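Note sheet for the following structure.
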Amino acid sequence: MKVLIVLTSHDKLGDTGEKTGFWLEELAAPYYEFKKAGIELTLASPAGGQPPLDPKSNEPDAQTDDTRRFQEDTEATAALAATVRLDSVDPASFDAVFYAGGHGPLWDLTADASSKALIEGTLAADKPVALVCHAPGVLRDVTAPSGAPLVEGKDVTGFTNTEEEGVGLTDVVPFLVEDMLKEKGGRYSKGDDWGPHVVRDGLLITGQNPASSAPAAAALVELLQSTTQS
């Protein structure tokens with residue numbers, strides 16, 4: 001089985017002068033969930049090459065066993081340094097797509113035509129898509145075959161308004177993930193702030209926050225294995 005992991009190429013945190021990017025745990029934890037299942041991984045980003053890491057995700061209090069393992073893993077760090085360009089990806093080559101979060105995707109992947117086509121094409125081919133934390137924001141302009149918003153009438157989750165408030169970025173981000181998913185007609189649910197909460201609706205899997213990234217990846221693996229066996 002082959003899974004494509006999509007990461008942001010955006011490194012500017014609005015007009016704050018601070019850096020952003022992808023959140024390390026949201027790559028590292030799923031990476032090892034997929035590896036454990038024997039899945040072949042390809043990493044992609046809009047610009048290709050080394051994606052920007054949100055420096056806050058590399059601070060001591062954000063570290064996990066998976067993030068430490070990833071940073072000491074030469075194969076993993078080499079794959080991260082050489083992500084393929086998203087516009088070069090053939091969706092037919094993969095069995096599923098996984099989007100890691102961090103604040104970066106709210107700026108670039110949300111408006112990326114290749115990302116939109118990738119999600120729509122993957123789901124149209126009856127293959128699953130999983131997105132965690134801020135990455136469900138990437139679904140903003142994605143549509144169903146009917147032309148309606150993809151999330152309309154679907155059970156979804158994503159980074160909560162209170163979690164955004166907790167990190168002090170409510171007035172910095174281009175939009176709030178929770179609000180957007182509700183405005184687009186999603187049946188939004190959430191768990192406790194910073195606790196794991198994963199929702200699956202058919203082929204669409206969403207996770208609320210960094211703690212949800214490993215369970216979301218595990219849900220994707222389970223879905224892939226069930227479809228392979230049936």
Side-chain angles (χ1 to χ4, degrees), residues 1-13 18-91 93-109 112 114-115 118 122 128-138 159 167 194 196 205 207 209-221 224:
M1 285 187 290
K2 296 181 179 180
V3 169
L4 181 72
I5 297 180
V6 182
L7 300 152
T8 182
S9 293
H10 185 88
D11 69 351
K12 293 182 179 64
L13 189 59
E18 295 179 33
K19 293 293 187 183
T20 190
F22 73 92
W23 197 261
L24 183 55
E25 183 182 359
E26 295 167 30
L27 168 62
Y31 183 91
Y32 291 114
E33 284 287 338
F34 296 139
K35 284 289 186 182
K36 188 169 65 180
I39 290 171
E40 184 181 327
L41 298 175
T42 299
L43 276 56
S45 64
Q50 176 78 50
L53 173 68
D54 186 319
K56 289 191 171 63
S57 74
N58 206 19
E59 291 177 353
D61 64 351
Q63 292 292 323
T64 66
D65 288 345
D66 285 327
T67 63
R68 285 185 284 269
R69 179 184 175 190
F70 189 93
Q71 289 176 307
E72 293 167 6
D73 184 334
T74 53
E75 182 185 331
T77 53
L80 179 62
T83 67
V84 301
R85 281 180 59 102
L86 194 55
D87 61 9
S88 74
V89 166
D90 176 9
S93 303
F94 298 95
D95 299 295
V97 179
F98 184 93
Y99 278 73
H103 284 88
L106 296 184
W107 279 275
D108 66 346
L109 288 167
D112 190 286
S114 298
S115 175
L118 172 67
T122 301
V129 175
L131 314 93
V132 293
C133 199
H134 286 86
V138 174
F159 206 58
V167 297
W194 313 113
I205 296 168
N209 48 31
S212 308
S213 53
L220 182 59
V221 169
L224 283 170

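Everything numeric in this text was worked out from a predicted model, so none of it was measured. No hydrogens, no waters, no symmetry mates; every other heavy atom, side chains included, goes into these values.
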**Item:** Test side-chain contact (heavy atoms from CB on, under 4.5 Å) applied to Val3 and Leu224, step by step
**Value:** CA-CA 10 Å; Val3 169; Leu224 283 170; 3.9 Å; yes
Closest approach of [X] to [Y] (non-hydrogen atoms, all atoms of both residues):
X	Y	result
Leu86	Ala44	CD1-CB, 4.1 Å
Leu7	Pro46	O-CD, 3.3 Å
Phe94	Leu4	CD2-N, 3.7 Å
Leu80	Pro51	O-CD, 3.1 Å
Ala217	Glu33	CB-CB, 3.8 Å
Pro128	Asp95	CD-O, 3.4 Å

**Asked** For residues 20-31, which residue pairs qualify under side chain to side chain donor-acceptor pair (under 3.5 Å), counting only residues two or more places apart or in two chains?
**Response**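 Applying side chain to side chain donor-acceptor pair (under 3.5 Å) to every pair that reaches into residues 20-31, excluding sequence neighbours, yields Thr20-Asp54.
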**Request:** Could you please spell out the steps behind the side-chain contact (heavy atoms from CB on, under 4.5 Å) verdict for Asn58 and Gln71?
**Result:** CA-CA 10 Å; Asn58 206 19; Gln71 289 176 307; 2.8 Å; yes
**Asked** Phe34 vs Phe98 aromatic rings, parallel, tilted or perpendicular, using cut-offs 30° and 60°?
**Response**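 Phe34 and Phe98: perpendicular rings.
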**Prompt:** Where does the angle between the aromatic ring planes of His103 and Phe159 fall among parallel (under 30°), tilted (30 to 60°) and perpendicular (over 60°)?
**Reply:**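 The arrangement is perpendicular - the two ring planes meet at more than 60°.
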Calculate, to the nearest 0.5 Å, the distance between atoms [atom1] and [atom2] belonging to [X] and [Y] respectively.
X	Y	atom1	atom2	value
Ser212	Ile205	OG	CD1	12.5 Å
Thr42	Asp90	OG1	CG	11.5 Å
Leu131	Leu109	CG	CG	9.5 Å
Glu75	Leu41	CD	CG	9.0 Å
Lys19	His10	NZ	NE2	9.0 Å
Asp11	Glu18	CG	CD	12.5 Å

**Prompt:** side chain to side chain donor-acceptor pair (under 3.5 Å) with Ser57: which residues, sequence neighbours excluded?
**Reply:**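 Per chain and number, Ser57 pairs via side chain to side chain donor-acceptor pair (under 3.5 Å) with no residue.
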Please tell me if the side chains of [X] and [Y] come closer than 4.5 Å, counting only heavy atoms from C-beta onward.
X	Y	result
Asp112	Trp107	no
Val6	Ser115	no
Tyr99	Val132	no

**Message:** With a sphere of 6.0 Å drawn around CD of Glu59, does it hold more than 12 non-hydrogen atoms of other residues, nucleotides or ligands?
**Reply:**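 Buried by this count: over 12 neighbours within 6.0 Å.
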**Request:** Quick one: list whatever passes salt bridge (Lys or Arg N to Asp or Glu O under 4.0 Å) with Lys2, sequence neighbours left out.
**Result:**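 Result, salt bridge (Lys or Arg N to Asp or Glu O under 4.0 Å) vs Lys2: none returned.
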**Message:** Strictly distance-based, threshold 3.5 Å: is any side-chain N or O of Asp87 a donor or acceptor partner for the main-chain N or O of Ser114?
**Reply:**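 No, because the side chain of Asp87 does not come within donor-acceptor range (under 3.5 Å) of the backbone of Ser114.
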**Request:** Please answer whether the main-chain N or O of Ala28 pairs with a side-chain N or O of Asp66 as donor and acceptor at a distance below 3.5 Å.
**Result:**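 No; zero donor-acceptor contacts below 3.5 Å.
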